[in-house]
Amino acid sequence: MSNQAMVQLRITPGRPAVAQSNDPQIVYLLVEASPAGIPDADLAIPVNLGFIVDRSSSMRGERLYQVKEACNNVVNQLNRQDYFSVVSFNDRAEVVVPCQRPNDKDQIKRAIGMIEAKGGTEMATGMMMGLQEISRPMMSRGISRMVLLTDGRTYGDESRCVEIARRAQSKGIGITALGIGDEWNEDLLETIASAENSRTEYITNAQQIVNVFSEEIKRLQNVMAHKVELRFHLHPQAEIRSLFRVRPFIAALTPQLHNETLWRVPLGEWVGREDQVFLLEMVVPPMPAGNQTICRVEMFYEVPSISSQALQTKVDVQLPIRPAEQIRPDVDGVVKHWLERTVAYRLQASAWQHVEQGNIEEATKKLRMAGTRLLESGQTDLAQTVQEEATRLLRSGTTSDEGRKRIKYGTRGLVARERGGEQ
């Protein structure tokens, strides 16, 4: 099968043409990557999955019951070549299931059933022990993932948690950080997950845990590609102002300037068959009239089911440069959709920064602007939550823990809701 057939790239400019100007100007590009050419058959590769679960006293009852059910459900989904481990933590850590292949699933489930909730929360001890377990197998191929779940704030070891996370990520171990309820530190989990192959999600109620765990193992068992990297070759005087992944969830990416014209963005694994979509904001220099190549977009990747060699898909992006009076102001509908959502995400992030600085009036203004953007993009429920929290912030100087988390994770599209809802 040909290289070009593996991943398909489609580039949609914000506007079909650029106005001729003596000044630099902003251009938006929507980059859609589809795995349509990757075959469905024989994609399964070994998964090394380590769960690190909070068993502090606040997890007692329904939450811990659902965690056990969720872990047992994952055990049922494991293949013979997979590895599995469970570490629980409160103010101490304990290996519940040492890293092993799921040869005796009943015994693994019995061990999980023995977990009891008590004590405080010191997450770093659990992360360190979990990393030790997940690092034991010597896998020549496969995907390793640490799934961390907590419902509380850890005690004074935040920096060590981040350090351990970076150590895991440097070994190619991705982290899925899950927070349940309203008491956990979303800033810490976001920092832990702000690296390649990692993400964080807000679980609003205990009944969602089983589904979230089950979806995670399904995603990991369907890795489309490894070592995925976006590359942008720009005009020497052009630059990238911002880059966001907008699908499957919104997250800011940090392009690395490799040389005068090449920007590289490591993405890690491509999990599941969902398209990856990116919104690029770039500044282009003055250019003469006519069709001009403003950049080349490349994606490099390895497809485990095909070979271990790097494959490549590339597209040259050309735009006509025309006199300003010939340029229509309309923005492409799909680009506008993602631009509005990205602006809403950036506005709410800015609002929390202003809250930290004590600038309540400016924070309220940013939240209201975010709410307007969300309403325009059709996310009415989330827009209402934003406006309610903006009013609460202006009146009392603070927001509710639940409202803040719903806004932060709702604008990213990573909220597990009790009943359907907007994603």
Side-chain angles (χ1 to χ4, degrees), residues 8-34 230-247 250 252-265 275-299 313-350 362 365-366 368-379 383 411:
Q8 298 172 3
L9 286 178
R10 184 173 68 176
I11 314 297
T12 305
R15 290 191 173 94
V18 177
Q20 192 172 9
S21 173
N22 294 323
D23 299 313
Q25 49 190 318
I26 294 175
V27 171
Y28 291 99
L29 298 177
L30 191 71
V31 180
E32 298 175 88
S34 170
L230 265 179
R231 297 184 186 181
F232 299 94
H233 296 266
L234 306 186
H235 186 283
Q237 295 175 322
E239 64 178 22
I240 294 177
R241 176 169 287 187
S242 69
L243 177 66
F244 280 83
R245 186 205 307 268
V246 295
R247 187 176 174 188
I250 294 179
L253 300 174
T254 306
Q256 303 164 3
L257 184 58
H258 187 67
N259 57 39
E260 187 180 5
T261 62
L262 173 60
W263 300 71
R264 300 174 64 169
V265 190
D275 289 0
Q276 301 283 320
V277 184
F278 309 87
L279 184 63
L280 173 69
E281 180 186 20
M282 60 183 294
V283 179
V284 298
M287 289 183 284
N291 290 336
Q292 302 291 341
T293 299
I294 63 169
C295 75
R296 170 179 288 180
V297 181
E298 297 177 322
M299 180 169 276
T313 303
K314 61 183 178 180
V315 175
D316 287 331
V317 182
Q318 281 195 337
L319 280 179
I321 310 298
R322 295 176 179 168
E325 61 270 16
Q326 297 181 14
I327 300 299
R328 297 181 58 182
D330 301 337
V331 177
D332 178 88
V334 178
V335 176
K336 182 179 179 182
H337 168 84
W338 289 117
L339 186 57
E340 286 173 343
R341 292 194 175 206
T342 304
V343 169
Y345 173 79
R346 297 174 78 168
L347 284 168
Q348 62 85 33
S350 176
E362 187 65 22
K365 177 182 175 182
K366 296 289 187 183
R368 292 199 186 283
M369 291 170 65
T372 300
R373 292 284 185 170
L374 291 167
L375 191 61
E376 290 173 349
S377 65
Q379 293 192 299
T411 52

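The residues of the chain are indexed from 1 along the displayed sequence. The shown structure was predicted, so the numbers you read here are calculated from the model rather than taken from an experiment.
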| request: Would you please name every residue forming a side chain to side chain contact (heavy atoms under 4.5 Å, CB included) with L29, sequence neighbours left out? | output: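 L29 satisfies side chain to side chain contact (heavy atoms under 4.5 Å, CB included) with I11, P13, V27, L280, M282, I294, C295, V317 once adjacent residues are dropped.
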
| field | Residues that P236 engages under side chain to side chain contact (heavy atoms under 4.5 Å, CB included), provided they are two or more places apart | value |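 P236 satisfies side chain to side chain contact (heavy atoms under 4.5 Å, CB included) with E260, T261 only.
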
Minimum side-chain heavy-atom gap [X]-[Y] below 4.5 Å:
X	Y	result
F232	V297	yes
F244	E281	no
I250	T411	no
I327	R322	yes
V331	R15	yes
V284	H235	no

[X] [atom1] to [Y] [atom2] distance, which is reported to the nearest 0.5 Å:
X	Y	atom1	atom2	answer
M287	Q20	CE	CD	10.5 Å
R341	E376	CZ	CD	12.5 Å
L347	K365	CG	NZ	10.5 Å
L262	L234	CG	CG	8.5 Å
L243	L253	CG	CG	5.0 Å
W263	R231	CH2	CZ	15.5 Å

| salt bridge (charged side-chain N to carboxylate O under 4.0 Å, His left out) between K314 and E298, worked out | CA-CA 4 Å; K314 61 183 178 180; E298 297 177 322; 5.3 Å; no

| request: Go through the steps to decide whether L279 and V335 satisfy the test side chain to side chain contact (heavy atoms under 4.5 Å, CB included), and finish with yes or no. | output: CA-CA 8 Å; L279 184 63; V335 176; 4.3 Å; yes

| request: Provide the closest heavy-atom pair for A344 versus R373 in the form atom of the first, atom of the second, distance. | output: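 It is CB-CB, 3.9 Å.
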
